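This report concerns only the one structure given below.
The structure displayed is predicted, hence computed values, not measured ones. All values below come from the heavy atoms of this structure, side chains included, with hydrogens, waters and symmetry mates left out.
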Amino acid sequence: MGSQVVQTLRQGVWASLTGGWYHDPEQNKFNNSCHLYLWMFLLMLPLSLHLALPPTTTTLSIYCTSVTVFFIVIKMVNYRLHLMFDQGDIVAQNSVPDISKGVDKKSNGSDSCLPSLSNELEMPNLSPQVTNNSSSGIDVNSHTEKNDPPELKVDADGFLQIPSVYMRCTQSGRTHARGLSIDSGRDAVLISHRAKDKLGTMTSSKSDLEAKEGQIPNESNFVEFVSLLESINSARFGGGNEAEKENEERNGESQPKMGIQPTFTVGLNISHTQEEDSLDESSETSTQEKPSRKLYYKLKVFPGKWVNILYDRLTLMALLDRNEDMTENMVAVFLAFLVAFLGFVLLNEGCFKDIWVFQFCLVIASCQYSLLKSVQPDAASPTHVSFLEKHSRKCHIVMFNRMKNAGITIVTSDALQYLQDILVGMCFCAWFTYCFPVTFLLGFFPQINTFVIYFLEQIDMHFFGGTAATGLPSAVYCIVRSLIALSLLYGFCLGALKEPWDEQHIPALFSGFCALLVVLSYHLSRQSSDPSVLFSLIKSKLMPSLGHGEEDEEEISAASTDPLPEKLRGSVKEILLSDLVVCILASVLTFAITASTVFLSLRPFVSIVLYALAATVGFVTHYLIPQLRKHHPWLWISHPVLKSKEYSQFEPREDAHLMWFERLYVGLLTFEKYIVYPAIVLSALTNDGFALSHRKKLGLHCDVLLMTVAGMKLLRASFCDPSFQFLTLIFTIIFFEFDCSSASETFLLNFFLISLFCQQLWDLLHKLHFILVYIAPWQIAWGSAFHAFAQPFAVCSDSAMLLLQTFVTTLFYTPLSPFLGSAIFITSYPRPVKFWERNYNTKRIDNSNSRLVSQVDKETGCDDDNLNSIFYEYLTRSLQHSLCGDLMLGRWGNYCAGDCFILASDYLNALVHLIEVGNGLVTFQLRGLEFRGTYCQQREVEAITEGVEEDDSCCCCEPGHLPHVLSCNAAFNLRWLAWEVTTTKYLLEGYSISENNAATMLQVYDLRKLLITYYLKSIIYYLVINPKMQIWVKDQSIQEALQPYTKWHHIEKDPAVFSMKIDEDYVHCLQGVTRASYCNVYLQWIQYCANKLEEPVDSDEDSPLVTLCFALSVLGRRSLSTAAHNRSNSLESFLYGFNTLFKGDFRIAAKDEWIFADMDLLQTVVAPAVRMSLKLHQDHFTSLEETEEPAVLYEAISNYRTSLVICHESDPAWRRAVLSSRDTLLTLRHMVDEGADEYKIIMLYKRHLSFKVIKINKECVRGLWAGQQQELIFLRNRNPERGSIQNSKQALRNMINSSCDQPLGYPMFVSPLTTSYMGTHKQIKDIWGGPLSLESIRIKETINSKIKICCRFRCGLCWFLLKSECIILYASVQFIVLKPVRNVTYLLK
């Protein structure tokens, strides 16, 4: 624990304050010294220049030039060194320091980059990465063991044979040898015996070598070896190219030999991997100096000139961060220049005095140093190693310095009217700049990409009425389309307000502006912030030629394609076609209304009526009806007042019934969105436009811009989410009409400002509710001793600071997270609504994305989480169809962007995060929790599923409660929860899981015999119905291979395969299975299946069909025995073998290789028979007599082939079947639970699942997620039983924290961002009549023509049918057919 705290203080706290510099005891002295000198240089350079030289442009130029050149040199050297490691040549030299230096004269540190001055052997394109934590780069030992070295033997040619201990074989088969190194001027070379003809080596005498047999150079015999080498006269080794050729020839040799030469160089292959060379690290603690091998790299300086560098990649990466390409290097140099330039300008302007000059230089140094060696991980980093974090500090300080420089420029330009505001802003920026090290330590500033997403999203949402962004491209796309719409509207409005106009005549340009504003706001509200689906649709329709090359691949994998993308494109296409018609009608209607001067003529009567109507409809729609539908209305009533039909049903079997109050809710919502609020905005636009045309308040351009922005924001917000618009409207009227009437501007501007205030007010209330619930003393759940220590400090002494943090975090939309899960709250960095920076989603592991060896040797994805994640994936698809419609029907209560819900059922518990809420669309992300969760998760699941209706207590007594009303204690406890049950019976399509233990069902031998019988009968069935059966029967190669099976006296006697206990056709006296015994049991079934064919087939006892069936039965049983390791009598082995066959792994014996004549025999006959036998064995327990009849069995197998999916869960067909909503599925699952193998037969039945919908305080979720991210990444607390994930029933702390992205949490499944559209909901289609398009208009024209025909013939019956079946409503700009018109069209024909 102490070492972890020290490491956190050193690498986290101190490194964040200094920008990344800290002393790392695990690094060598050279790296630590370089880090210190670099940081000191960056700190002292601006400080010394500022103090020593006058504040002139020359000083600024000197500093900026020095920093720029310094960074260019470092980045270029770093880039070239990494390029050298990637593409450069490797050079090896063997040397041992002179023994005359002695062991005591060894140096502990030397230069890390030393040029090689001796002859080397060049080996190109090799990049070993070796480090020994010493400053001398690579030092390769000649020994790997500390015990006595092996013997060196001599072959017939007089060469020393290198023992096997020096040889290493890589996975590619290359042989690696370790050489001896001598540094005395006389070298020895390790060469193969093939090189002796080329190099002219001179070997020593055998007597000398034999005398030294068994010895290698060390301190005791080193002098003898040196004297022996000096007595030998040999030519010096020459040429690196010859060495390369020799090296290539040596690759095929299995045992290199040793020759003695004056030049001692390494001739061996170097592995590219770090793991192999890491075995050669030198031992600094050894008392004996061991021979070493040094590896050099050729660094090209000029064409034809290079320098040999003794270094490695890992040491370089520990010294400096790697830049992948030149673009990143250029960005880093440019940022360093910007920081230097803007920072030194502020120093020259005298913004800092005394000690604050040093403080500001420290800030500059920390920002520049992080470009060389960044803080990993940073307090605001979403991952342990973040590429963008190294650039975030520079971008933030550049922005603040630019703001201060802009302030200086404005002040010096004599803009006195802004002097006071500019000075205040400069002081704030200067003060904030002083605190940069602390703010980065506390993690107040996010990564630059997160900041850009957050900034653009907040602007689009608060100023343009947009929706939340799903990423950086989405944020840029949203802000660009909003700016385009704003510029277009600005031009129309500017032209309309240039000249004054009277009440009796409204300019056509202004009416066109109003029509265009309504149309653009409606269309933008209907579009998702993610443009990928729209671009995909445009690409498929306008540029289909781009996808022609992939058509063949798509046809091949048509069965495995996902239908979801095509459904999304279809939904977007419907929206675009509908908007085309609706926008035309809306523009005409809006133009006509605004041009009629009705808003000017009847003011203020029209406005008062519209305000009262909006307040009444909003109160009923968004407050009264949702409260009456809650599980506990107003947290006092014990049951819902407006109950759904499924509320009293135990297990609903149909879709949710459409209730009358749901129809009322949709009608009021439609009336409010498309009539009331557009009318209010148009009335305000007309009145404000008329007033501004005569009197400009803030100037023409400013007035036009404000009116355009306010109108677009209010219209888009009303179309997307009108839940709180009525409260905003009421507050606007009360505040500006009664409280502060003197501060009132135009109504649009008042409404716009109050909407900004109310959005922050709701967030503030959510934060206060979360804090009070979390720190309430009477229900605190202490997860650790630290929590108990922090509780009194949080309640007593930290209230003022906590309140200040709450206001600040509300203003900037940042999470307020509990520190380590305690009652102490700290501010986190701002995040977008999506919250998570990464686009994390779960990838299911199956046979389509795993290696074949993992499928054969072990179960692919055999853990429960991977297998059960498919149920959450199907739940996501169900929500994709129905979520948007259910939200519009009010089945989840009130909602807005960022809200979080928990869906809880018997075994499924998922957190649904609403990210984007648009007009007719919702983007969400589902996070599925574990089926068998931890103890803490189970306690919280019990808390949300248990009822409080039976609670009769009041304080300390139990007086009971009134009928249909909660008790006092129950009502009090419900108010102190961060969550609330909104719906108790929410229906979704899903799968119920039925599990049976396979060991229990196959424990008895008779049950195993029955399974084998069904197995063989299924083989016969699949063989007979196969279209290629006639071909197989007549195939000559198969018939020749099956000749032994045609003989009646042929006996299969393998005792490991056949047994009397499990084989029905086993003959005890013959100790095996014969054709006669097989026919005695299965001939009737063969003939019955053959008679079912349309074409007659010979199926008597001697027919080829029976022969083939008999051979396949033997093969099937032999495969089962082989998979069970020839121990079929053992239950565990039998289950293992059967599961192996079930997943499709067949080990064919040599006797059965005839089946390879056509693999379809194995794939379409034997493999499906294994799976079908399991289902038939299941049915045996419910209908024993029926399955014994051939007719019943044949019909059962035929039905199961079409209606039942039987396959292994690792088969991609299993996922396709689940996602395609097949009714029934069967599989055999192998699980390992606490070291014991379990085999379960799992049956899935498609039905309607009932969920409880629990709405959680979104600030609670954001705060706990932020605290978990900081604790695991920055504070490095990896304790699996840490206090922050212990159960807390009032906040559901464990369920929320476990739903974080991995590795922070442990969700079973995290879905990608999924968009649900209103048009995919069946009941919404019944109410709305589907999207309005040109095709639907043609249908209506056909109906009208039929009506005219009916009028001519005076058909009273048709008129009665039309009046009863067709009800047409006109809502805003579109009319909706509530009942289908197909029946009417049919009758009219």
So Lys373 and Asn31, side-chain hydrogen bond (donor to acceptor under 3.5 Å, both in side chains) or not? Walk me through it. CA-CA 11 Å; Lys373 188 65 178 176; Asn31 285 358; over 6 Å; no

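- Side-chain contact of Gln27 with Asn32: a donor-acceptor pair under 3.5 Å is absent, judged by distance alone.
- For the atom pair CD1 (Ile453) and CG (Leu472), the distance works out to 5.0 Å, reported to the nearest 0.5 Å.
- The backbone N or O of Leu319 sits less than 3.5 Å from a side-chain atom of His35, completing a donor-acceptor pair.
- For Trp836, the CH2 atom sits in a packed shell: over 12 heavy atoms of surrounding residues, nucleotides or ligands are nearer than 6.0 Å.
- No side-chain heavy atom of Val67 sits under 4.5 Å from any side-chain heavy atom of Phe337.
- Taking both residues in full, the closest heavy atoms of Pro815 and Ala1266 are given as CB-CB, 3.9 Å, listed atom of the first, atom of the second, then distance.
- For the atom pair CG (Leu81) and OG1 (Thr315), the distance works out to 11.5 Å, reported to the nearest 0.5 Å.
- Take Phe70 and apply the ring pair (Phe, Tyr, Trp, His ring centres under 6.0 Å) test, not counting sequence neighbours, and it matches Phe41.
- Residues passing the side-chain hydrogen bond (donor to acceptor under 3.5 Å, both in side chains) test with Gln1268, sequence neighbours excluded: Ser1284.
- Evaluation of the side-chain hydrogen bond (donor to acceptor under 3.5 Å, both in side chains) rule for Asn78 yields His82 as partners, not counting sequence neighbours.
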Could you check Lys29 against Asp24 for salt bridge (charged side-chain N to carboxylate O under 4.0 Å, His left out), going step by step and ending with a plain yes or no? CA-CA 9 Å; Lys29 295 180 180 179; Asp24 190 356; over 6 Å; no

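- For the residue pair Ile364 and Gly343, the shortest heavy atom distance occurs at CD1-CA, 3.9 Å.
- How far CE of Met801 is from CD1 of Ile826: 11.0 Å, rounded to the nearest 0.5 Å.
- Here side chain to side chain donor-acceptor pair (under 3.5 Å) pairs that include residues 822-831, with residues two or more places apart or in two chains, are Gln805-Thr827, Ser828-Arg831, Tyr829-Arg831, Tyr829-Glu837, Tyr829-Gln1269.
- Between Thr58 and Leu53, the closest side-chain pair of non-hydrogen atoms is not below 4.5 Å.
- Nearest approach of Gln368 to Ala336, heavy atoms of both residues: NE2-O, 3.6 Å.
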Is there a side chain to side chain contact (heavy atoms under 4.5 Å, CB included) between Leu43 and Phe358? Walk through the geometry before answering. CA-CA 9 Å; Leu43 172 64; Phe358 178 80; 4.1 Å; yes

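- Under a 3.5 Å cut-off, the side chain of Ser366 and the backbone N or O of Val363 do form a donor-acceptor pair.
- Annotation for Glu457 and Val833: closest pair OE1-N, 3.0 Å, computed over non-hydrogen atoms.
- In this structure the side chain of Gln760 reaches within 4.5 angstrom of the side chain of His462, judged on heavy atoms.
- A salt bridge links Asp86 to Arg322: at least one charged side-chain nitrogen sits closer than 4.0 Å to a carboxylate oxygen.
- Residues Tyr63 and Thr59 have side chains not in contact (no heavy-atom distance under 4.5 Å, counting atoms from C-beta outward).
- The distance from atom CE of Met330 to atom OG1 of Thr327, rounded to the nearest 0.5 Å, is 6.5 Å.
- Using a 4.5 Å heavy-atom threshold, the side chains of Phe770 and Leu816 count as separate.
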Evaluate Val808 against Phe812 for side chain to side chain contact (heavy atoms under 4.5 Å, CB included), listing each step before the verdict. CA-CA 6 Å; Val808 173; Phe812 294 102; 4.0 Å; yes

Run the ring pair (Phe, Tyr, Trp, His ring centres under 6.0 Å) check on Tyr311 and Tyr297 step by step: do they pass? CA-CA 8 Å; Tyr311 213 55; Tyr297 293 87; 9.2 Å; no

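- With hydrogens and angles disregarded, no donor-acceptor distance shorter than 3.5 Å links the side chain of Arg80 to the backbone of Val77.
- For the side-chain contact (heavy atoms from CB on, under 4.5 Å) criterion with Asn1297, the lone passing option out of Leu1272, Leu1264, Leu1304 is Leu1264.
- For the pair Arg1262 and Tyr813, the cation-pi test (distance below 6.0 Å, angle within 45°) is passed.
- In this structure the side chain of Leu338 never reaches within 4.5 angstrom of the side chain of Val333, judged on heavy atoms.
- Residues Phe825 and Phe819 keep their aromatic ring centres 6.0 Å or farther apart.
- Pairing each heavy atom of Arg313 with each of Phe85, the nearest pair is NH2-CB, 3.0 Å.
- Residues Ile1285 and Arg1293 are not in side-chain contact: their nearest non-hydrogen atoms beyond the backbone lie 4.5 Å or more apart.
- Across all their heavy atoms, Ile775 and Ala823 have their closest contact at CG2-CB, 3.7 Å.
- The closest side-chain heavy-atom distance from Leu347 to Cys361 is below 4.5 Å.
- A side-chain N or O of Gln447 and one of Asn449 form a donor-acceptor pair less than 3.5 Å apart.
- Not counting sequence neighbours, the partners of Trp1265 by the side-chain hydrogen bond (donor to acceptor under 3.5 Å, both in side chains) test are Ser1299.
- Atoms CD1 and SG, on Ile74 and Cys34 in that order, are 9.0 Å from each other to the nearest 0.5 Å.
- Residue pairs meeting the side chain to side chain donor-acceptor pair (under 3.5 Å) criterion with at least one member in residues 68-77, sequence neighbours excluded: Lys75-Asn323.
- At distances below 3.5 Å, at least one donor-acceptor pair connects side-chain atoms of Ser66 with backbone N or O atoms of Ile62.
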Output, in order, the C-alpha distance, side-chain angles, deciding distance and verdict of side chain to side chain contact (heavy atoms under 4.5 Å, CB included) for Leu371 and Phe71. CA-CA 9 Å; Leu371 285 170; Phe71 270 84; 3.8 Å; yes

Let's go through Cys1260 and Ile1296 carefully: what are the C-alpha distance in whole Å and the side-chain angles of both, what is the deciding distance for side chain to side chain contact (heavy atoms under 4.5 Å, CB included) to 0.1 Å, and is it a yes or a no? CA-CA 9 Å; Cys1260 173; Ile1296 293 173; 4.0 Å; yes

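- A distance-only check finds a donor-acceptor pair linking the side chain of Asp312 to the backbone of Leu314 [under 3.5 Å].
- We find the OG-CD distance between Ser817 and Glu1259 to be 11.5 Å, quoted to the nearest 0.5 Å.
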